[in-house]
Structure formats: structure tokens, C-alpha cells
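One structure below.
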Amino acid sequence: MLMKDVLDTFQFDWAATPATLELKPESLRNKTVFISGRAVARAIAYTVLTLNDKLKLNAKIIFAPTDEKLSGEIPNGVYERDDFTYADIFHADDIKQKIDLIICTGLCSAKIDGGLDEYKTETDALKNTVSLAVEKKVRRIIFLSDSRIYGKGENKFRAFAETEMGLADPFDCVTQLLRTLESDFIRLTSKHKISTAILRTGVILGGNSGVYNGLDEVFDAVAHGRETDLHSTDRQITFTYMTDVFAGITYALEKNLEGVYNLASADSTVSTGMLCAMLHDIFGVQAKINLTDSGDFEGNALNCGKIEFAGFTPNISLKIALQISVLSYLDDFVDNFYFPDEHMGRVKAIQQVLMAYLLEVDRICKKHDIQWYLGGGTLLGAARHKGFIPWDDDVDIMMLREDYDKFLKVAAAELPDGMTLSDPKKDKRYNYCYAKLRLEDTVFATDFSKYHKGMSNGFAFDIFCHDKTANSKLGQKIHSQLTLFWLAMVFNKWNHRRVYNGKKVQSAISNFCKNIFPLRFSMLMLLFTLEMFKHKKNAKYLYDGMGKSVHKGGFDRTFLDNEIRVDFCGYKMPVPEKYREYLTNHYGDYMELSPLSTRLMGHEITLSDLGKYAGFQISNILRSRRE
């Protein structure tokens with residue numbers, strides 16, 4: 001059974017998001033991974049199983065919980081999978097499989113009572129895990145702990161780096177137990193010369209993960225508009241979303257990190273007072289939280305500069321993590337949810353303007369007998385939502401080469417006032433390989449494009465051309481690789497970045513070529529490569545040379561043979577008759593919604609201005625057309 005059919009929406013979010021973010025855990029491919037611990041361990045196991053479904057990792061999971069209650073909480077659909085095995089950590093001798101890697105989560109983000117039985121259970125489990133590593137000749141273990149290990153800081157501003165331990169009250173069983181486990185782990189693995197990385201997380205958030213965070217009552221109360229209390233700390237606390245826990249593990253594996261590293265999500269260190277303010281900003285008066293002096297809140301602030309200096313970048317912001325955590329307690333959660341505050345609440349207004357000018361594109365194409373289709377995310381929205389994907393912020397159009405060239409010839413004379421065309425063949429300042437339509441008197445600039453003052457930065461329509469490619473698989477591969485090479489030459493020179501594709505020799509050659517070739521020469525070579533098979537008469541395949549699926553090679557030319565019209569925001573728009581086959585080729589299961597935490601706008605916009613289109617109504621365009 002697929003994990004998407006086993007997990008709920010919130011579990012699927014942290015389990016599937018790594019694939020959506022294009023994290024590639026190649027270190028897990030075809031490996032048998034032994035995972036021991038409590039709820040965090042189970043979440044990691046679910047994530048690997050989900051990535052098996054989405055990325056075909058072919059990893060095998062042996063899950064050995066140190067809390068026996070977890071065994072009864074695992075759905076039957078997981079037990080039925082061929083890539084999942086349940087094991088008893090206290091009878092490790094019964095495990096016969098070969099093991100390639102061990103992930104031990106210990107008491108990371110677990111509720112700790114601190115009794116002697118708990119101490120014995122965890123230390124015995126740790127000894128058995130290391131003994132298993134020795135027996136199976138496992139040379140790599142990832143161990144997880146959390147910020148409670150640091151004890152208490154000397155002042156409220158303390159953010160602990162990896163070697164800085166704070167005060168530890170001898171009666172503070174949580175800190176003492178975490179320190180004992182980590183010390184035992186280091187001692188045992190050092191004795192057997194096993195390579196290790198220790199990751200210390202913040203307070204872990206993740207909808208319906210079962211991981212202890214001390215905020216479940218607050219999230220439940222906010223979801224239902226009830227009044228609740230939260231301890232007002234005199235220190236800051238760091239939080240880590242479950243996706244970033246897994247991302248940190250895979251990064252440590254890919255880069256062979258050794259030693260101790262703190263791990264947090266983006267912008268995630270706040271006081272509990274600021275936490276309340278953030279929840280109020282998100283949910284308004286529904287967040288009825290009283291800050292009190294009673295009780296305590298477990299956790300510390302972490303300085304995560306060490307792992308960031310090693311190259312790791314967290315993916316999920318605390319704002320998103322908090323919002324998803326609260327939503328997981330709603331009884332009537334709408335699965336089509338997206339983050340409505342994106343672009344400062346302008347999303348619907350942006351889509352209204354884009355739809356109006358999409359009708360203008362349709363008018364021009366009908367007048368000049370040009371075949372065009374909704375493309376990319378816009379076509380995906382038509383198939384799945386009968387309109388824009390709720391969190392989409394631009395329009396994608398696709399054409400075949402002959403129609404694309406024809407459109408570029410007639411567009412300048414036909415476009416309505418306020419709309420301009422950017423064509424890489426004619427505009428030397430414009431270095432995207434596809435054409436764009438832009439709306440003047442608007443601003444829609446990324447952190448990169450805002451510095452290119454001579455290039456239009458208005459709301460955009462991307463016009464992609466699907467070109468012919470070779471009929472053979474080898475020819476398609478060569479064509480795709482040449483395209484990717486010239487794309488790297490153009491974009492990395494334009495962006496002033498070094499090329500790195502994971503292979504040192506290839507990257508070195510690419511950087512050498514990038515430094516030698518002028519930008520305009522690389523762009524012309526890219527455009528020539530796209531049209532390499534333009535005159536091939538018996539071409540059976542097309543390829544997405546201008547888009548994100550270029551690496552997939554060719555797809556059946558007949559996918560774009562005939563047009564049908566479908567509902568799109570209440571209007572009839574053209575899509576390929578075989579749009580289902582096309583979307584399956586590009587996206588797989590295209591009807592599956594992306595994970596919650598990735599339902600953000602497609603562009604990281606730093607400057608956005610509707611200009612004269614503030615308060616725009618689509619009827620304005622229709623009225624002017626009639627006049």
C-alpha cells in the first residue's frame with residue numbers, strides 16, 4: 001500500500017515534502033536502514049517509505065521502537081509493505097538482514113519521566129543498537145538528541161553552540177538522561193571506530209507525528225478558539241520542523257559529516273511571547289493565549305551556524321510549521337488549503353489580472369490561427385482545480401515551434417496597451433530561453449531579477465515551446481544533456497554563480513567554459529540547441545527543453561496533436577486532448593496535491609505592486625473589448 005493512502009494530510013506533509021523540495025537522499029538508495037527510537041524514529045521511517053514511493057529509492061526499513069506502544073500505533077498498511085520490517089530492539093539477535101546504516105533517535109523530542117526504568121530501557125536499547133552495528137559491520141550511525149541536553153543558560157540571550165553546555169541541575173532528569181545517552185553513544189561508537197554524526201534538534205513540530213513538543217494543548221485550543229495558557233519563558237526556544245530533521249540527516253549522510261551539529265528550521269528561534277504573537281498574527285482572535293508564570297517550557301535556543309557553514313540550508317519556516325501544527329487539530333480541515341497571506345494577500349487579485357490578459361492571448365491566437373495550450377502549472381490547475389492552482393502566481397502557456405515563432409512575429413502589433421513581450425532572440429538584456437509576456441505598471445520581481453533594471457519585471461506569462469527531439473533514446477539523452485549544459489552556461493553566468501552538478505570534474509569543466517564563453521554566445525548556442533531537430537520530418541517525440549522536465553527526454557508527439565476546451569475560472573481555455581497523458585509524463589500522479597508546507601507561491605517575490613490593477617475586475621477587459 002502506498003504511504004499516501006496510509007498517512008493523513010499532515011503526516012504526508014512532513015513525509016513527502018523532501019521529494020517535492022527535490023532533496024535527493026542518494027545515500028539511502030538500495031540501502032537497508034535500521035531505525036531505533038520513539039516517535040521521531042517512526043516519523044523518519046515513514047518518510048523513507050514515502051520517498052520509496054515517490055523517488056524509487058528501493059530502501060529497506062527495519063524499525064525497532066524503544067517504546068512498545070508505538071508498535072500498536074503503526075497502521076496495517078505499513079506492516080504489509082515489503083520494504084518495512086518491525087524488529088524488537090531488545091532481541092537484536094533475531095535480526096538476520098544485512099544492515100547498511102543506522103539512525104538512532106534515542107529520546108530526541110520525547111516526553112521524559114526520568115525514572116530508573118526509563119533510564120535502563122534507553123541505555124539497554126542504545127547498547128543493543130551499537131552491538132548490532134558491530135555485528136553487521138555497519139560503519140555509519142546517525143544519532144539524534146535535542147536542545148534540552150544543554151541544561152540552562154546563564155542568561156536569557158544564550159543560544160548554545162555545540163560544545164557549550166549550560167548549567168545542569170543534578171535533579172534535572174531530562175538533561176542528565178540526554179547527556180548520559182549521548183556520552184554512552186560516543187564512548188561505544190569510538191571504541192569500535194564507527195563513523196558518527198550527532199544532530200541536536202530544536203523542539204520538533206510536525207502535524208500528527210506523535211512527537212512531544214509541549215504545545216499540543218495550545219495548538220488544539222487555537223484551532224478551536226478556546227482560551228489557553230502558556231508559560232512565559234525568560235529565554236528563547238529553537239524549533240525544528242520534521243522535514244528539516246530528515247533533511248539534516250540526509251545532508252549529514254551525503255556530506256559525510258562527523259561530530260555534533262545543531263539543527264533548526266528557518267527563522268525558528270523565538271520566546272514563547274513571540275510564539276503567541278506569531279499565532280495571533282496567523283489566526284487572529286482565535287489565538288486566545290495567556291502568558292503565565294506557572295510551569296515551564298522545555299527547550300533552549302540553538303546556534304546552528306556550524307551545520308549552515310557546512311552548507312545545509314533549512315527549508316521550512318517557523319511560521320509555516322506553526323500554521324500546519326494548528327491546522328492538524330481542526331475537525332473540518334479543507335484539503336485544498338493554501339497559505340492565503342502569500343504575496344501579502346494579493347494572490348486572488350493577481351490571478352484576476354492574469355486571467356483577463358489570458359483572454360487577450362486567446363483572442364490573438366484565434367485571429368492568427370495559432371495553436372496554443374495552457375501549460376505547466378496552469379494546465380495542472382485546469383485539470384485539478386478547473387482554474388489556477390490556488391497558490392499559483394503566474395501563467396504558463398505552451399506551443400509547438402511553428403506556432404511559437406508565429407506568435408512572436410505577430411504579438412508586438414497585437415498586444416493590448418500595457419502588455420509587452422520579452423524575446424531572448426531580440427532582447428540582449430533578457431536571458432531566459434523562453435519568451436515572456438509582462439504587464440507594464442506592475443512589479444513582480446525576485447531577489448535576482450530586481451537588480452536587472454532594464455528588464456521588465458511585471459506580472460508574467462511564460463511562453464514555453466516544445467521542440468522536436470531525436471527518435472532514439474540515446475539521441476534524446478544527448479539532446480537533453482546539451483540543453484542542460486548550455487542552460488548552465490547561461491543561467492550561472494547571468495546569476496554570477498559557480499556551476500556544481502554533484503560531479504567535481506564535470507563541474508570544473510563547466511565552470512571553465514562558463515568563464516570563457518560570453519553570455520550572449522551561450523544564449524545563442526542554447527537557442528540553436530533547442531531547435532536542433534526543427535526540420536526533422538519524421539520526428540516522433542518532443543521534449544521540454546525550456547522547462548523543468550528537460551532531463552526526462554522525449555515524450556510522445558501525439559500528446560499535443562489536438563485541442564479541446566475545458567473550464568478554467570469560468571472560461572473555456574485550450575488544452576491538449578491528451579492532457580492526462582501529458583501531465584502524467586511530466587508530474588506523475590498529477591491529481592495528488594502537493595504537501596501542505598510546499599503550497600507557496602511559485603516565486604520568491606521581493607518586490608510586488610499591482611499598480612493601476614489594484615481593485616481590478618475582469619469585466620474591465622471584457623467591456624473594453626466590446627467597445
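For the pair Arg81 and Tyr79, the cation-pi criterion (under 6.0 Å, within 45° of the ring axis) is not fulfilled.
Counting only residues at least two apart or in different chains, salt bridge (Lys or Arg N to Asp or Glu O under 4.0 Å) contacts with residues 229-253 comprise Arg235-Asp296. Counting only residues at least two apart or in different chains, salt bridge (Lys or Arg N to Asp or Glu O under 4.0 Å) contacts with residues 3-13 comprise Lys4-Asp589, Lys4-Glu592. For residues 106-118, the set of pairs meeting the salt bridge (Lys or Arg N to Asp or Glu O under 4.0 Å) definition, not counting sequence neighbours, comprises Arg38-Glu118.
Under the 3.5 Å distance criterion, with hydrogens and angles disregarded, a donor-acceptor pair is assigned to the side chains of Ser597 and Thr17. For the residue pair Asp331 / His224, a side-chain donor-acceptor distance below 3.5 Å is found, with atom types taken as modelled. For the residue pair Asp392/Gln351, the side-chain donor-acceptor check at 3.5 Å is not satisfied. Looking at Ser27 and Glu254, their side chains do bring a donor and an acceptor atom within 3.5 Å of each other. Neither side chain, Asn315 nor Tyr241, offers a donor N or O lying under 3.5 Å from an acceptor on the other. A donor-acceptor contact closer than 3.5 angstrom links the side chains of Glu122 and Thr66.
Shown here are the side-chain contact (heavy atoms from CB on, under 4.5 Å) partners of Pro18, two or more places apart in sequence or in another chain: Leu23, Thr47, Leu51, Thr243, Phe246. By the side chain to side chain donor-acceptor pair (under 3.5 Å) test, Glu68 is found to be paired with no residue, residues two or more places apart in sequence or in another chain being considered.
Inter-residue side-chain proximity for Tyr329 and Asn208 is flagged as unmet; no heavy-atom pair is nearer than 4.5 Å. Trp14 has its side chain out of reach of Val245: every pair of non-hydrogen atoms, C-beta onward, lies at least 4.5 Å apart. Counting heavy atoms from C-beta on, the side chains of Leu55 and Pro25 come closer than 4.5 Å.
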Could you go through residues 274-281 and list every donor-acceptor pair under 3.5 Å that involves a side-chain atom there, pairing it with any protein atom two or more places apart or in another chain?
none

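In this structure, Glu162 does not pair ionically with Lys306, as no charged nitrogen and carboxylate oxygen lie closer than 4.0 Å.
Ring-plane geometry between Phe297 and Phe239 is classed as tilted, the angle between the planes lying from 30 to 60 degrees on a 0 to 90 degree scale.
Within the 6.0 Å centre-distance limit, the rings of Phe388 and Phe568 are counted as a close aromatic pair. Annotation: Phe10 is in aromatic contact with Phe333 [ring centroid separation under 6.0 Å].
Summarising the geometry, atom CD1 belonging to Ile141 is positioned 9.0 Å from atom CG belonging to Leu132; distances are rounded to the nearest 0.5 Å.
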